[in-house]
2 protein chains.
Amino acid sequence: MSATVTLAHVAREAGVSPSTVSRILNGTANVTPDKRARVEAVIRRLNFAPNVQAQALAAGRSFSVGVLTQDTSPYYGETLAGIERGLEGSPYHPLVVSGHWEAAREQEALDLLMRRRVDALIVLGGVIEDAALQAVAARVPLVAVGRDVSGLSERCVLVDNRAGIRLLVRHLTDLGHREIAFIGGPEVQQDALERRLAFEAALRECGLEPQAGLMRPGDYTEASGERAAEELCRSDLPFTALLCANDQMAFGARLTLYRLGIRVPQDISLTGFDDLFAARYATPPLTTVRQAIAELGQVAAEAVLRLLAGDHPQLPRYVPELIVRDSTGPAPLLSH
Amino acid sequence: MSATVTLAHVAREAGVSPSTVSRILNGTANVTPDKRARVEAVIRRLNFAPNVQAQALAAGRSFSVGVLTQDTSPYYGETLAGIERGLEGSPYHPLVVSGHWEAAREQEALDLLMRRRVDALIVLGGVIEDAALQAVAARVPLVAVGRDVSGLSERCVLVDNRAGIRLLVRHLTDLGHREIAFIGGPEVQQDALERRLAFEAALRECGLEPQAGLMRPGDYTEASGERAAEELCRSDLPFTALLCANDQMAFGARLTLYRLGIRVPQDISLTGFDDLFAARYATPPLTTVRQAIAELGQVAAEAVLRLLAGDHPQLPRYVPELIVRDSTGPAPLLSH
DNA sequence: CTGTTAGCGCGTTCAC
DNA sequence: GTGAACGCGCTAACAG
């Protein structure tokens, strides 16, 4: 059990003071070339690696940015990948904790991150009150993704859910669909509510009236999409298109349609929202709205770095893009 | 900018010594009820949260376990979810870093984790030399998943790739398939090599001879499966089943088959390996081998906790299970 | 039971 | 340019 090498060991071995070693490590001041060479040699020989905890304690910064995520769905997986990429090259590293869409657990996660003295925070969604986020934002730079935190709007990376849903509805009505069913997300979440409202509004814009019987609640999971689609198909209300509030539910719905022998898109057109990586590999490939999730994560990370550097970064507004694939087609004559 | 509250503040405010506060925090020793009550009140009032860095430095343990993962594929996503679950309830938290399947970056990741003084390590796959892992294993408890590290075999959570592949091949031959194509993984990875060898062996067991023309290399990504399937279909060698070394490549291959108008399973039977969450939602649902990935992660995490507690946990051996879904069916008369 | 004294490993003044 | 001394916030002997 080789005892850990410390900066002091290096100093002694190199015949210099600890401060000198520290200076070389951080480039804090000039050091004679030969001394520097000597120290660097010792560092390599002893395989010295500075204790980050000690550095953090002494310098007052931990070089870690806390990330409050929610679950392990592909959605957050892709966002985290973006964050990792955004932090790459910087001395900062992400410390990820899940809140599981429960205010209490989100608060615990935030507490944990604060106790670990993260230098900054990235918040992905969540249902915790804005006040709690404002509180932590008062202590460290904070950027939120997919959620508009009151009082911190200029620190939020958002997509325009309204516009995205409208693109889908337009696309479907252009194809001749008039009876469009809808599976929504958990409305405790901002975006889920926005998408449902946007769906109803877009329908009206197209001269159609939302029908309660064609709208089912889901919770953004595949299983809920599967179930909701079942209910919709069992009811006798006819529809030729099924718009799901996110891709995962569309995947679930796809399974139900497959089981019932309903063809996509010949019998029913199917759409999602998010453009998860998997959407392209669905059968048939899923028509959806691109959120560029990974990019959102990366942008958030970069914004955090700027904040940490004392900047006041301008967060870009993201406009969703319609991605037409094979899961949508002309409306059939209503028959099933 | 409310200055951070320290243990010393609490002590002063409560009229006790810092040690007493520390004792109450850690339950290190008995304290008079009234003193304890007084201190706890102050803690709540001041909203005191101990600095984990300082605790780590003083106590010599950081309460974090490092996780070396590789990429952000669903495979690792599910494993990480399992690890998180396994650590839940314990005072330990995961610190995740990606190695991107490059020895150099994996080494960097390990260095980073050691500098952060993680108390233990969980290694997911990777291509770094065993020696490097043995080196870190000498400093902290280490558990590896999906990789057999020489000298640390009793610390490795493994699945029997041979057995899994054999289940698939048997399943296919039982269905009458004789011409089975194969898309393999990157053979720098242990499991990919094992699976390819197992495929050839299983074929022979069934009295069939592996045909080089029906075997294509992939890299475990959807895109590589897509491409490899294209090549296979363009070649004039007939086959009635396509066995992919993992689910993701099967998803990619599925897209190619869809594009070419080849029906699954009527024209070609398709199989994967891993049983990712998404396998059940493929169209048609994918026949595959269950690895219980999330469980593997959880088991690894629990093993690490036991090691940290001084135990010598016995890691269970995982036997893969064949999951028959709709992507496989009787072999058609060769025609396409 | 509880306060006092030392560090944990490093960064950072401050003088030299 | 460089070393000595001090402090970051907390835990752990050590006495009492």
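Quick note on labels: first sequence line is chain A, next is B, and so on, each numbered from 1. The figures here come from the full heavy-atom set of this structure, side chains too, leaving out hydrogens, waters and symmetry mates.
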When you look at B:Ser62 and A:Gln53, which way does the side chain to side chain contact (heavy atoms under 4.5 Å, CB included) test go after all the steps? CA-CA 8 Å; B:Ser62 64; A:Gln53 328 256 25; 3.0 Å; yes
Let's go through B:Arg147 and B:Val149 carefully: what are the C-alpha distance in whole Å and the side-chain angles of both, what is the deciding distance for side chain to side chain contact (heavy atoms under 4.5 Å, CB included) to 0.1 Å, and is it a yes or a no? CA-CA 6 Å; B:Arg147 161 171 187 165; B:Val149 183; 4.0 Å; yes
Side chain to side chain contact (heavy atoms under 4.5 Å, CB included) for A:Gln70 and A:Gln189? Distances and angles first, verdict last. CA-CA 12 Å; A:Gln70 298 302 332; A:Gln189 296 179 39; over 6 Å; no
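In this model, a donor atom of one side chain and an acceptor atom of the other lie less than 3.5 Å apart for A:Asp148 and A:Ser153. Counted by atom type alone, A:Ser19 and A:Ser22 present zero donor-acceptor pairs between their side chains at under 3.5 Å. Side-chain atoms of B:Gln298 and B:Arg85 include a donor-acceptor pair closer than 3.5 Å.
To the nearest 0.5 Å, atoms CG (B:Leu46) and CD (B:Glu13) are separated by 5.5 Å.
Remark: P of D:dG9 and CZ of A:Arg115 are 17 Å apart, rounded to the nearest angstrom. Whole-Å rounding puts the A:Gln53 CD to D:dC10 P distance at 14 Å. As a whole-Å value, the separation of A:Leu7 CG from D:dA5 P is 17 Å.
Of the side-chain N and O atoms in B:Gln55, one or more sit less than 4.0 angstrom from OP1 or OP2 of D:dT11.
The span of DNA chain C lying next to chain B, judged by atoms under 4.0 Å from heavy atoms, is bounded 5' to 3' by C:dC1 to C:dG9.
Contacts between residues 13-38 of chain B and DNA chain D, defined by a heavy-atom separation below 4.0 Å, involve B:Ser19, B:Ser22, B:Arg23, B:Asn26, listed by number.
A donor-acceptor pair under 3.5 Å is absent between the side-chain atoms of A:Asn26 and the main chain of A:Thr28, judged by distance alone.
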